[in-house]
Amino acid sequence: MSASSVIERVKTNLVSLKMPRALEILDVTLRGLERGEISALDAIDALLTEELTMRENRRIKMAVQMAKLSAIKTLAGFDFAFQPSLDKNRVLALAGLQFINRAEAVHLIGPPGTGKTHLSLALGVEAVKAGRSVYFSSLADIVASLAKAERDGALRERIRYYCRFALLIVDEIGYLPVTPGGGNLFFQLVNARYEKGAMILTSNRGFAEWGEIFGDSVVATALLDRLLHHAVVIQIEGSSYRLREHADLVPETIRHKTQATANPIPPTLKRRSRPPKDGGADHVDG
Ligand code: ADP
Ligand code: MG
């Protein structure tokens, strides 16, 4: 068989095997071989590695879309030096994803612009890369979706849907007051996931303000009871990354108003949990 007919067969086989990336780089790889620039082993390695890398990237891209991760953020792209109150090692430890296996709740608390959404997205991306199922949503969207499901008589199915994901990221607790009845619906979801699935929750408000946020102190206490048992609390006490170049333009009064409450755990819940030691990060486990 001539070399050219073998090459044709290799191409046909790559098509049959659905290896488009290997097919794409076949000619250039063969040229490298002919010129003695690469060995036969290098050539095989290049074809397989390129194909696998492309597949892996496609899988991650699909999974990121499925997870509704609103933007691709990475831990590598996070400037820890800008946020000295944040313990980098605690965040990197979370990227090991053991908290997902342990079905823990991770709380990221801090004023606007301190990187809560960025970090939650980055951890979501890490989880997706590791093949875990992830879903990202704001609290307002989750509550709206649960309320709609309830009106349609499909609340149970909707809760089951949210329970399918190994990691549920609930962003923006506290920016908007929860609609009436929303706290109760969210509690049903949290209760269904309790000790079964991990969550990341971001908030600009301390736990003591959850009664106000959810418009119901009984529901807030029940929520925190679940969400602080087996929990990691990471508090960021820095300034806004968004405003880093314009901090001098923001009035002092507004800067202070945006600070999260210093003591994030309400006294009623201290039986089960320890408050953060140093405003950094703390493991709250019962
Ligand atoms: P938050 O959710 O706490 O309000 P975000 O995570 O949305 O804040 O951060 C606001 C913007 O600033 C985003 O574009 C984010 O990627 C960026 N950002 C925040 N903190 C950092 C940081 N320490 N290093 C790099 N980018 C950051
Ligand atoms: Mg945010």
- Is there a side-chain contact between Met66 and Ser133, using heavy atoms and a 4.5 Å cut-off?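 When only atoms from C-beta onward are counted, Ser133 and Met66 do not touch, as no gap falls below 4.5 Å.
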- Query: Given side chains that start at C-beta, do those of Leu121 and Ile72 come closer than 4.5 Å, heavy atoms only?
  - Reply: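 Of all side-chain heavy-atom pairs linking Ile72 with Leu121, none is under 4.5 Å.
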Taking all non-hydrogen atoms of both residues, which atom of [X] and which atom of [Y] are closest, and how far apart?
X	Y	answer
Pro112	Asn204	CD-CB, 4.5 Å
Cys163	Ala192	SG-CB, 3.7 Å
Leu97	Ala130	CD1-CB, 3.6 Å
Ser85	Gly238	OG-N, 4.2 Å
His107	Ala231	CD2-CB, 4.1 Å
Val134	Ala127	CG2-CB, 3.6 Å

For the [atom1] atom of [X] and the [atom2] atom of [Y], what is their distance to the nearest 0.5 Å?
X	Y	atom1	atom2	answer
Lys88	Phe78	NZ	CZ	10.5 Å
Glu126	Arg132	CD	CZ	13.0 Å
Ile142	Ile159	CD1	CD1	11.0 Å
Thr53	Arg58	OG1	CZ	12.0 Å
Ser138	Ile169	OG	CD1	12.5 Å
Leu139	Glu172	CG	CD	9.5 Å

- Query: Angle class for the Trp210/Phe207 ring planes (parallel below 30°, perpendicular above 60°, tilted otherwise)?
  - Reply: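 Perpendicular, since the angle between the ring planes exceeds 60°.
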Restricting to side-chain contact (heavy atoms from CB on, under 4.5 Å), what partner residues turn up for [X], sequence neighbours left out?
X	result
Ala198	Phe99, Ile100, Leu167
Ala103	none
Thr74	Ala76
Ser2	Ser4, Ser5

Closer than 3.5 angstrom, by distance alone: can the side chain of [X] be matched with the main-chain N or O of [Y] as a donor-acceptor pair?
X	Y	answer
Thr202	Leu108	no
Ser203	Ile109	no
Arg193	Tyr162	yes

- Using salt bridge (Lys or Arg N to Asp or Glu O under 4.0 Å) as the criterion, list what pairs up with Glu51, not counting sequence neighbours.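 For Glu51 the salt bridge (Lys or Arg N to Asp or Glu O under 4.0 Å) partners, ignoring immediate neighbours, are Arg55.
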- Kindly write out the residues that satisfy salt bridge (Lys or Arg N to Asp or Glu O under 4.0 Å) with Arg164, not counting sequence neighbours, or none if the list is empty.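 Not a single residue meets the salt bridge (Lys or Arg N to Asp or Glu O under 4.0 Å) criterion with Arg164.
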- Show your reasoning for whether side chain to side chain contact (heavy atoms under 4.5 Å, CB included) applies to Ile200 and Leu94. CA-CA 11 Å; Ile200 296 176; Leu94 287 174; over 6 Å; no
- If you draw a 6.0 Å radius around CZ in Arg59, do more than 12 non-hydrogen atoms from other residues or ligands fall strictly inside?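 Yes, because the 6.0 Å sphere around CZ of Arg59 holds more than 12 heavy atoms from other groups.
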Please check if [X] and [Y] belong to a single hydrophobic cluster, counting links between Ile, Leu, Val, Met, Phe, Trp and Tyr side chain heavy atoms closer than 4.5 Å.
X	Y	result
Leu185	Tyr161	yes
Ile234	Leu92	yes
Phe187	Leu176	no

- Item | Residue pairs involving residues 175-192 (criterion side chain to side chain donor-acceptor pair (under 3.5 Å); sequence neighbours excluded) |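 Side chain to side chain donor-acceptor pair (under 3.5 Å) check on residues 175-192 returns Asn184-Gln188, Asn191-Arg226.
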- Task: Please collect all side chain to side chain donor-acceptor pair (under 3.5 Å) contacts where either partner lies in residues 115-124, sequence neighbours excluded, each pair once.
- Result: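 Listed once each, the pairs are Thr117-Asp171.
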- Task: Could you please spell out the steps behind the side chain to side chain contact (heavy atoms under 4.5 Å, CB included) verdict for His230 and Arg102?
- Result: CA-CA 8 Å; His230 319 299; Arg102 291 195 290 257; over 6 Å; no
- Item | Intermediate values then yes/no, side chain to side chain contact (heavy atoms under 4.5 Å, CB included), Ile60 and Val64 | CA-CA 6 Å; Ile60 292 168; Val64 161; 4.1 Å; yes
- Query: Looking at Phe136, Phe186, Tyr135, which one forms a side-chain contact (heavy atoms from CB on, under 4.5 Å) with Val170?
  - Reply: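 Answer after filtering Phe136, Phe186, Tyr135: Phe186.
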- Full working for side chain to side chain contact (heavy atoms under 4.5 Å, CB included) between Leu155 and Leu146: CA-CA 6 Å; Leu155 182 60; Leu146 291 174; 3.9 Å; yes
- Item | Linked hydrophobic residues, Leu33 as query - side chain contacts closer than 4.5 Å |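 Hydrophobic cluster check, Leu33: joined to Met1, Val6, Ile7, Val10, Leu14, Val15, Leu17, Met19, Leu23, Ile25, Leu26, Val28, Leu30, Ile38, Ile44, Leu47, Leu48.
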- ILVMFWY clustering at 4.5 Å (side-chain atoms), partners of Tyr241: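 Same cluster as Tyr241: Phe82.
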- Query: If we ignore angles and hydrogens, is there a donor and acceptor under 3.5 Å between the side chains of Asn13 and Ser16?
  - Reply: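 Distance-only check fails for Asn13 and Ser16.
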- Which residue pairs satisfy the salt bridge (Lys or Arg N to Asp or Glu O under 4.0 Å) criterion with at least one member in residues 142-151, sequence neighbours excluded?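 Listed once each, the pairs are Lys148-Asp152.
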- Message: Give me each pair satisfying salt bridge (Lys or Arg N to Asp or Glu O under 4.0 Å) with a member in residues 1-27, each pair once, sequence neighbours excluded.
- Response: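 Residue pairs with at least one partner in residues 1-27: Lys11-Asp27, Arg21-Glu24, Arg21-Glu50.
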